[in-house]
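Some notes on the structure that comes next.
Numbers restart at 1 for each chain; the letters A, B, ... are given by sequence-line order, proteins then strands.
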Amino acid sequence: MTAPAAPYLEGLNPEQKICVEAPDGPLLILAGAGTGKTRTLTARIAHLLATGRARGSQILAVTFTNKAAKELRARAENYAGGGGGGGVFLSWAGTFHSMGARILRHHAELVGRRSNFTILDASDQQRLVKDLLKSANIDPARMPPALAHHLIERWKDRALAPDQIPSEEKQAHDGRIIKIYRAYQDQLKNLNAMDFGDLLMECLRLFRDAPEILEQYQNRFSHIFVDEYQDTNVAQYLWLRLLAAREKNLCCVGDDDQSIYGWRGAELGNILRFEKDFPGATIIRLERNYRSTGHILGGASAVISHNGSRLGKTLRAQEGDGDKIRLIRAHDGKDEAQRVCREILTLREKRVSLDEIAILVRSTAQMRSFEEEFLDLALPYRIIGGARFYERAEIRDIIAYLRLIAQPDDDLAFRRIVNVPKRGLGAKSVLCLTQAARDEGASLLDACSLHEDSLKPSGLKSAAIRKLRDFAAMIKRFADHKDALPLETLAEKVMDESGYRRMWAETKTPDAETRLDNLAEMLRACGEFDSLEGYLEHVALVMEIEAEAGGERVSLMTLHAAKGLEFDAVFLPGWEEGLMPHIRALTQDGLRGLEEERRLAHVGMTRARRNLYVGCADMRLIHGFWQDCLPSRFIAEIPQEHVEILPIAQPFGAEPVASAPLFSPSEGGAEEASEEESSLFSVGARAHHKIFGAGTVSRVEGKKVTVRFDDPPSEKTIMAGFLIRLPDGDSQGSSNFVMTGK
DNA sequence: CCAGCTGCCATTTTT
DNA sequence: TGGCAGCTGG
């Protein structure tokens with residue numbers, strides 16, 4: 001039986017082929033970094049189709065990001081190129097959340113319920129929690145909204161409804177969080193809204209309450225594929241287990257060594273327990289790494305081998321040893337950035353494309369020193385995963401208009417834009433309107449059109465009523481056009497007729513132009529959708545925009561953002577105890593936290609193809625204070641033979657780096673500042689604040705400085721710390737100085 | 001109503 | 001140090 005090799009088998013190695021041709025049944029492909037897991041996954045899908053075991057519409061392929069879903073679809077379609085034809089290929093490929101939303105909407109339509117529920121984004125959720133805490137009279141200092149929100153989300157990750165929370169957890173924070181959780185769910189119901197967790201939880205509930213629907217989907221999906229299985233949470237696991245219960249053809253691809261999202265609910269146990277959860281499961285390892293050269297892989301493997309909770313696999317390099325991992329030792333953060341940039345310039349001289357160079361940091365705060373250095377050297381760079389397009393205020397505003405047009409009872413959207421641009425409808429008017437709406441059981445938008453007799457008692461003035469009516473009429477006018485006009489035209493109409501675009505056009509701040517550009521960009525994105533509802537769904541789920549062309553650039557991003565990417569040269573700065581591994585991970589989650597940090601280190605190292613640099617500084621400015629740093633334990637875990645320590649121009653400590661003294665205090669005793677010197681200083685409360693007063697330094701006593709102010713600030717401000725600005729523009733932070741006197 | 005001040009905070013972030 | 005939300009005084 002020597003049939004001609006199928007195109008999808010071309011170039012696959014033996015272990016990959018085993019994965020592709022493995023028979024039906026539960027299958028876990030443990031694919032290490034750089035082993036071609038997406039290729040293997042798509043080849044298996046192509047194989048199923050080619051052998052007639054499944055049709056495209058019977059395959060459910062789940063990923064975590066829309067980007068991954070898109071890539072999967074594109075690759076699969078590429079393989080299917082010859083055959084297939086016509087029909088929709090892989091019609092069920094997407095994220096967990098989009099699949100959940102799809103199933104829920106489909107079902108709601110079937111039973112004739114409103115299927116147009118709103119999906120709340122992160123900031124909507126935060127605001128809701130905040131409001132609830134406020135109305136429950138809980139001190140935000142003792143229970144920050146972000147924490148409450150986080151706890152609720154983690155419960156949802158585990159598919160726990162308020163009445164399913166284990167009793168010992170209910171007691172946490174005096175049992176108040178659980179009340180907030182209940183109120184939050186009630187509120188979502190009122191708003192006909194769901195958050196991301198609900199999309200899965202409600203799906204689970206649907207499957208439980210209506211077994212015939214579950215069965216329908218079980219029959220429909222003969223084969224289920226999951227990418228990045230190590231990132232699944234409990235709810236996702238339960239969901240998959242239900243859907244796969246009948247056919248049992250669940251193929252998961254993942255790498256326990258790349259699980260770095262535990263903090264947002266990912267359950268490493270899911271992948272570790274796969275064999276137990278799915279009896280008769282096959283586990284196949286992909287261990288041939290095609291990405292990195294030997295020293296890099298050797299170092300990365302050695303580091304990850306220190307972890308206990310792993311299934312274990314041994315990555316094998318397919319290339320030569322290559323260059324050793326280079327260790328860049330630096331004085332402080334700035335010095336580190338300079339040394340890294342020097343190396344980047346060297347790489348560029350060696351014709352390495354800037355697009356192939358990345359700096360991966362642990363925390364975003366590390367980015368600034370690199371940006372400053374890039375600007376100094378005129379090195380083009382890009383930051384990946386910064387402020388997301390759809391999170392920008394101007395975009396969210398227009399989205400709110402569109403949401404209100406699509407769903408007149410979306411009160412959150414109403415609140416956001418009723419006075420944007422300014423229409424003289426301030427907080428007071430909205431408060432009154434809310435009252436009236438509640439009394440009448442109407443949405444805010446509908447309440448605008450109520451009879452005056454219903455509105456007046458709430459305290460609304462005639463002028464405000466008129467303005468509200470105008471606003472409602474405008475939204476109505478848009479709504480009337482929503483199906484007749486192409487979305488792009490509708491959105492443009494909204495931007496113009498609401499006065500929104502004019503508002504920015506007339507704004508003189510430097511960012512106004514960017515905002516107008518963003519609006520134009522948004523219109524372009526609208527052009528790709530044919531329905532308002534479709535676009536809103538996309539926006540709620542996607543939160544991402546493509547594009548960004550231009551010349552070669554160095555990439556700067558967090559380690560988390562780098563997962564799935566690869567570069568010729570990778571820099572990993574800030575490998576110091578406390579930053580990498582991060583102190584918070586250790587204090588919060590102990591050994592579990594440390595192991596996740598180590599996986600993060602492993603992910604970072606395995607992004608590199610040919611050149612890997614690890615950076616480590618002696619001291620770092622953290623929250624305004626200099627701290628001595630110890631090299632990361634992960635550096636010590638890299639075997640010596642894989643490392644080359646870069647020579648350092650100056651010996652450490654040769655130059656003073658820590659906060660240079662403001663002025664040299666004489667040893668010991670107090671000193672009268674000379675008249676000339678003392679007139680040089682002016683004092684402000686914060687570096688980013690305007691200087692609030694000028695004064696003269698009259699006395700210097702060690703770290704104690706006495707200043708006579710021309711115009712004295714309050715005592716409290718002085719206690720809080722201050723800034724002294726030298727006349728040549730240099731400023732010196734000095735919150736560790738004590739200031740007395742006036 | 002908004003600019004400017006103050007207090008508070010400081011990992012990672014997708015859907 | 002620096003970013004942000006919330007408050008307040010002009």
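- Here A:Gln407 pairs with A:Asn116, A:Thr118, A:Asp409, A:Asp410 under the side-chain contact (heavy atoms from CB on, under 4.5 Å) rule; sequence neighbours left out.
- Nearest heavy-atom pair across A:Ile119 and A:Ala101 is CD1-CB, 4.4 Å.
- Distance NZ (A:Lys70) to C1' (B:dT15): 16 Å, rounded to an integer number of Å.
- Inspection of the A:Gln185 and A:Asp198 side chains reveals an N or O donor paired with an N or O acceptor under 3.5 Å.
- Per the geometry, CD1 belonging to A:Ile622 stands 15 Å off C1' belonging to C:dG2, to the nearest Å.
- In this structure, the CG atom of A:Asp198 is 12 Å from the C1' atom of B:dT15, given to the nearest Å.
- Across all their heavy atoms, A:Ala33 and A:Asp255 have their closest contact at N-OD2, 3.6 Å.
- When distances are taken from the side chain of A:Thr95 to each of B:dT12, B:dC2, B:dT15, the shortest belongs to B:dT15.
- One atom, CG of A:Leu579, and another, C1' of B:dA10, lie 12 Å apart when rounded to the nearest Å.
- In the set B:dT11, B:dT13, B:dC2, B:dT13 carries the atom at the smallest distance from any side-chain atom of A:Arg264.
- With A:Phe96 as reference, A:Phe64 is the one residue of A:Tyr237, A:Phe196, A:Tyr229, A:Phe64 to meet the ring-ring contact (aromatic ring centres under 6.0 Å, His included) rule.
- Note on A:Lys563: every side-chain N or O is 4.0 Å or more away from OP1 and OP2 of B:dT12.
- B:dA10 atom C1' lies 15 Å from atom CZ of A:Arg620, rounded to whole Å.
- Contacts of A:Gln125 with the nucleic acid, taken as non-hydrogen atoms under 4.0 Å apart, are absent.
- Checked against a 6.0 Å centroid threshold, the rings of A:His560 and A:Trp263 count as neighbours.
- For the pair A:Asn233 CG and B:dT13 C1', the interatomic distance rounds to 14 Å; values are reported in whole Å.
- Contacts between residues 580-588 of chain A and DNA chain B, defined by a heavy-atom separation below 4.0 Å, involve A:His582, A:Arg584, A:Ala585, A:Gln588, listed by number.
- Qualifying side-chain contact (heavy atoms from CB on, under 4.5 Å) partners for A:Ala159, counting only residues two or more places apart in sequence or in other chains: A:Met201, A:Leu204, A:Ala235, A:Leu238.
- Taking the 5.5 Å centre cut-off and the 30° plane limit, the aromatic side chain of A:Trp263 is classed as stacked on B:dT12.
- For residues 591-606 of chain A, the pairs satisfying side-chain hydrogen bond (donor to acceptor under 3.5 Å, both in side chains) are A:Asn307-A:Arg598, A:Ser309-A:Glu595, A:Arg362-A:Glu597, A:Glu596-A:Arg599, A:Arg598-A:Glu637, with sequence neighbours left out.
- With values rounded to the nearest 0.5 angstrom, A:Gln258 atom CD is found 6.5 Å from A:Lys563 atom NZ.
- The distance between atom CD1 of A:Ile384 and atom C1' of B:dT13, rounded to the nearest whole Å, is 15 Å.
- Look at NE2 on A:His97: it is 16 Å from P on B:dT13, rounded to the nearest Å.
- In this structure, A:Val303 and A:Ala601 approach most closely via the heavy-atom pair CG1-CB, 4.5 Å.
- Between A:Asn419 and A:His623, it is A:Asn419 whose nearest contact on DNA chain B lies nearer the 5' terminus.
- The stretch residues 358-369 of chain A comes close to DNA chain B through A:Arg362, A:Ser363, A:Thr364, each having a heavy atom under 4.0 Å from the strand.
- Put simply, CD on A:Glu153 and CZ on A:Arg158 are 13.5 Å apart, with the number rounded to the nearest 0.5 Å.
- B:dT12 and C:dA5 have their C1' atoms separated by 22 Å, with the value rounded to a whole Å.
- The side-chain tip of A:Arg105 points at the ring of A:Phe117 from less than 6.0 angstrom away and within 45° of straight on.
- Of all the residues in residues 146-160 of chain A, not one reaches under 4.0 Å from DNA chain B with any non-hydrogen atom.
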